[in-house]
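Numbered from 1 within each chain, the chains take letters A, B, ... in sequence-line order. Bear in mind that the values here come from a model prediction, so they are computed numbers and not experimental data.
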2 protein chains.
Amino acid sequence: MATVKDVAKLAGVGSGTVSRYISGNGSVSSKAAEKIERAIKQLNYRPNSMARSLSSRRSDLIGVWVPSLEGPYYHMIIRAVEQELRLHNKHMILANAEDAQSDADRRDHFDYLVNRDCDGILMSCSLQGTFELARTSEHFSNLVLLNHQADALAGRCFYIDHELGGRLAARHLTNLGHEKIAVITGRLSAQDARQRHDGFLDEISKLGNAIPESCVVEGAFSYAAAERLVGAFLDMDIDFTAVFCGNDKVAMLLISELNNRGISVPRDVSVLGYDDVDFAAYTAPPLTTIHAPIDEMARSACRQLLNLTYDMDLPFQERFEPSLCVRRSTAALS
Amino acid sequence: MATVKDVAKLAGVGSGTVSRYISGNGSVSSKAAEKIERAIKQLNYRPNSMARSLSSRRSDLIGVWVPSLEGPYYHMIIRAVEQELRLHNKHMILANAEDAQSDADRRDHFDYLVNRDCDGILMSCSLQGTFELARTSEHFSNLVLLNHQADALAGRCFYIDHELGGRLAARHLTNLGHEKIAVITGRLSAQDARQRHDGFLDEISKLGNAIPESCVVEGAFSYAAAERLVGAFLDMDIDFTAVFCGNDKVAMLLISELNNRGISVPRDVSVLGYDDVDFAAYTAPPLTTIHAPIDEMARSACRQLLNLTYDMDLPFQERFEPSLCVRRSTAALS
DNA sequence: CTCAAAAGTGGGATCGGTTCCAATTACAAC
DNA sequence: GTTGTAATTGGAACCGATCCCACTTTTGAG
């Protein structure tokens, strides 16, 4: 493999000139540029990224930490981030903490990124522990958070206004005439689940309704956990005509299990999802859900991380608004 | 940040000794080891990965090329690969060619990985073009392919026996008494889609049935394309009691659209999926499908890539067998 | 106790870039 | 033609590891 020196020699210039030509930092005469260009072509030269990183002290690597890769949610984030980074010729390295059993494990996953000397880190988290993780990290300054609002990280938190999302959900179900509503939330220790929950219940009460605590079920959201949760929920014999689910995965699962028990959606029961993940439009029936602009949020976070890390000036926005997306899993109470 | 030299000085040993201690290549006396260990702790030393890579000429980076990140299929691969690589302290960098418009674009995406000097590349492809891409690459030797069999790459191709999968599908539907069967396949220029298709039709004819060409519909598999495909398919007014779908995404979509048109699954029509992706068990009704061990295949490919690249000796296997997974989207013909 | 083989060691050369600096050249204004 | 400023240049120093080599120490067999 050819090196800068080879190129410099062939082009009859100094190695510094070649470097300047390639990086675009500093001026190079057009005569020299032409000779260098020719030499690069002739030698089929490609800069060595390790050498470049060592010497310039930037790896051009962005670490992405996610708590899980099961289901569509985090995948949508990965997809958006990969695309955005590729646009700027940065590379993503990924750490999935799904198999972590403890905070120490989660830190290991974090270190897996840090040890790679990535220039910045994007954490998609909502669990309390993850934020603490970020806080104590030495990489604090080039860190950006998805799905968490924290004063200490003002300007680096990207989030969807889930409280609003909860309100939209409450209004939709109320507008349809539903009063006996059950709620399946994610872990309320997670900020985003909490906000949806709070927004929903507050709006419900503002609308003159009240949901007894026994109608609110809390649980985790992996497919397996959600399956258990939904089963347990239906066995509780709660009297409801509509269910507000903490995410689309749970909504889909719930519909499946309701069908299984001979209950038809939306004829007998309305089911409202949350997130509007990729498959939400294609279930049977297609999910009415709260559309969360996950993709745009991820892109924004990514752009701001690039700004912070590489002193760029890309446009971004921290807060995103969800919107109601009506399909066919909810219907007016007959 | 502390360097080897700092550690060496503090420990009162040479830098080579520190390096040997850390990498485990070469012997270090227990006395020296102890001093080094102490110094590392005291200085909070962490090796610089770029310097290490430059000097050792290995980046410990594995490139993963996928044609798309839409839907669960490739995500399952990403998830498996990330986990397997992390286990061996390698890092994944990802290139998603979803936005590629041409072969040149796809090559750009490939170069995006190569330019990063990754040590090995795993390509998950089935399209013809991708294989050509791999063939002409200078990284040929440390390349492993998912979902493609090619003689030129014997020992580096990891695949599921889709012909068998097609046969299993044919037998299942035939056993249930279905004769009027429609088929929705992926692009037949892709090897894996072709194999499913061929296996299915061949087995059907072995079983004494025949499917007219007009009952076989070919199309692409993005959600949007699949939606159009399914709509067009249903508008064709084919007479069928069962449909064999090229993947679960299409099966889910088809069920949704059938419901929409007042046709119930499996009462009126049986729908058979393929792949057994993560959500297949949770649709309404849960999908009967051909389980493809995607996860294990990806892990195997990854392990063999590690073997080739880092001279390891991890167990692997090239061929995987699909199996029938009966849930509730198919039923006996009444 | 001797001596050869093995184990352990220090430090310099090296990997392939970037970046700084002093020196040179180009150019415009007068 | 002179001068001052800006553009351009070559090359050395450096980034922080690995790894080789020559050397010293330890080990154990006889």
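Across A:A150 and A:C157, no two heavy atoms sit closer than the pair N-SG, 3.5 Å.
Taken residue by residue, residues 47-55 of chain B places heavy atoms nearer than 4.0 Å to DNA chain D at B:P47, B:N48, B:A51, B:R52, B:L54, B:S55. Listed in residue order, the members of residues 27-40 of chain B having a heavy atom less than 4.0 Å from DNA chain C are B:S27, B:V28, B:S29, B:A32.
For B:K9 and C:dG11, the NZ to C1' distance is 14 Å, given to the nearest whole Å. One can place OH of B:Y21 at 13 Å from P of C:dT9, the figure rounded to the nearest angstrom. The distance between atom NZ of A:K5 and atom C1' of C:dT18, rounded to the nearest whole Å, is 13 Å.
Salt bridge status for B:R106 with B:D103: present, with a side-chain N to carboxylate O gap under 4.0 Å.
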Each nucleotide N or O in nucleotides 20-25 of chain C that has a protein N or O under 3.5 Å away: list the pair and distance.
none

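You'll find the ring centres of A:Y112 and B:H91 inside the 6.0 Å limit.
A distance of 5.0 Å separates OH in A:Y73 from CD1 in A:I294, rounded to the nearest 0.5 Å. The distance from atom CD1 of A:I160 to atom CZ of A:F320, rounded to the nearest 0.5 Å, is 8.0 Å. Atom SG of A:C302 is separated from atom NE2 of A:H88 by 8.5 Å, given to the nearest 0.5 angstrom.
A search for side-chain contact (heavy atoms from CB on, under 4.5 Å) contacts involving A:N25 returns A:S23, not counting sequence neighbours. Scanning for side-chain contact (heavy atoms from CB on, under 4.5 Å) contacts around A:S222 gives A:E70, A:A224, A:A225, with sequence neighbours left out. B:H75 is linked by a side-chain contact (heavy atoms from CB on, under 4.5 Å) to A:H75, B:L69, counting only residues two or more places apart in sequence or in another chain.
A donor-acceptor contact shorter than 3.5 Å links the side chain of B:N48 to the backbone of B:A51. Judged purely by atom type and a 3.5 angstrom limit, B:D6 has no side-chain atom pairing as donor or acceptor with the backbone of B:A2.
Within 4.0 Å of B:Y45, counting heavy atoms only, lie sugar-phosphate atoms of the nucleic acid but no base atom. If you check every strand for non-hydrogen atoms under 4.0 Å, B:S15 touches a base.
Rotation axes derived from the C1' atoms of the five outermost pairs at either end of the helix from C:dC1-D:dG30 to C:dC30-D:dG1 lie 20° apart, to the nearest 10°.
In 5' to 3' order, the nucleotides of DNA chain D bounding all contacts with chain B (an atom under 4.0 Å from a heavy atom) are D:dG16 to D:dC20.
For residues 79-97 of chain B, the salt bridge (Lys or Arg N to Asp or Glu O under 4.0 Å) pairs, not counting sequence neighbours, are A:E98-B:R79, A:D99-B:R86, B:D60-B:K90, B:E82-B:R86, B:E84-B:R299, B:E84-B:R303. Applying the ring-ring contact (aromatic ring centres under 6.0 Å, His included) test to residues at least two apart or on different chains, none of the pairs has a partner in residues 9-30 of chain A. Pairs passing the side-chain hydrogen bond (donor to acceptor under 3.5 Å, both in side chains) check and including a residue from residues 305-314 of chain A, sequence neighbours excluded, read A:D119-A:Y310, A:Q304-A:N307.
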Which atom pairs, one a donor and one an acceptor, fall under 3.5 Å between side chains of residues 26-36 of chain A and the rest of the protein, sequence neighbours left out?
unit_1	atom_1	unit_2	atom_2	d
A:S29	OG	A:A32	N	3.2

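Under the 3.5 Å distance criterion, with hydrogens and angles disregarded, a donor-acceptor pair is assigned to the side chains of A:T17 and A:R20.
Contact check, B:R57 against C:dG16: a side-chain N or O comes under 4.0 Å of OP1 or OP2.
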